[in-house]
Amino acid sequence: MDFKKLMAYQKSFDLAMLVFEISKSFPKEEIYSLTDQIRRSSRSVCANISEAYRKRRYPKHFISKLTDADGENSETNTWLDFALACNYISSEDYTKCSEEGKEIGKLINYMINNPGKFGVKSEN
């Protein structure tokens, strides 16, 4: 199976693209701070999932990269909190992104807790 078929990858890619579209309207003074940070963290989620999938031969590396993906997902949610508090995004967009992020977190944690279902061989 290709990593692009993983539900966690697909949803995190879609969320990163949504964040990109939403962040286009952020103020220019945020371009090197909030805009850059939220785009980088949201893109890192699916990038780390793809790396994890390619490292599934090594269980500890697989879980480590998925843990990184989960951390980036949480970071994205923090930046969304700032964007909402600064009135850069609507509460509707915030809720949509936040709910997607929660679902992605559940999918990532499922992968962490069930590595065998993703082709990871157990270490003996």
Task: Considering all heavy atoms, the nearest M111-L6 contact - done: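 Where M111 meets L6 most closely, the heavy atoms are CE-CD1, 3.9 Å.
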- [ ] Kindly give the heavy-atom pair with the smallest separation between L80 and S98, and that separation in Å.
- [x] CD1-N, 4.3 Å
Exam field: side chain [X] to backbone [Y], donor-acceptor pair closer than 3.5 Å:
| X | Y | result |
| --- | --- | --- |
| D70 | L66 | no |
| S25 | I22 | yes |
| Q10 | K4 | yes |

Task: Distance-only donor-acceptor check, side chains S33 and E30, under 3.5 Å - done: yes
Between [X] and [Y], what is the ring plane arrangement, given parallel below 30°, perpendicular above 60°, and tilted in between?
| X | Y | answer |
| --- | --- | --- |
| F26 | Y88 | tilted |
| H61 | Y58 | perpendicular |
| F3 | Y53 | tilted |

Can you measure from [atom1] ([X]) to [atom2] ([Y]) and round to the nearest 0.5 angstrom?
| X | Y | atom1 | atom2 | result |
| --- | --- | --- | --- | --- |
| N77 | D81 | CG | CG | 5.0 Å |
| N87 | I89 | CG | CD1 | 9.5 Å |
| T67 | N109 | OG1 | CG | 8.0 Å |
| Y32 | Q37 | OH | CD | 14.0 Å |

Open item on the list: Applying salt bridge (charged side-chain N to carboxylate O under 4.0 Å, His left out) to E99 and K102, what does each step give before you reach the verdict?
Closed with: CA-CA 5 Å; E99 291 301 316; K102 287 177 192 172; 3.4 Å; yes
Task: K65 bridged to D68 by N-O distance under 4.0 Å - done: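 Salt bridge: yes.
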Open item on the list: Salt bridge check, R54 against E51: does any charged N sit closer than 4.0 Å to a carboxylate O?
Closed with: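 No.
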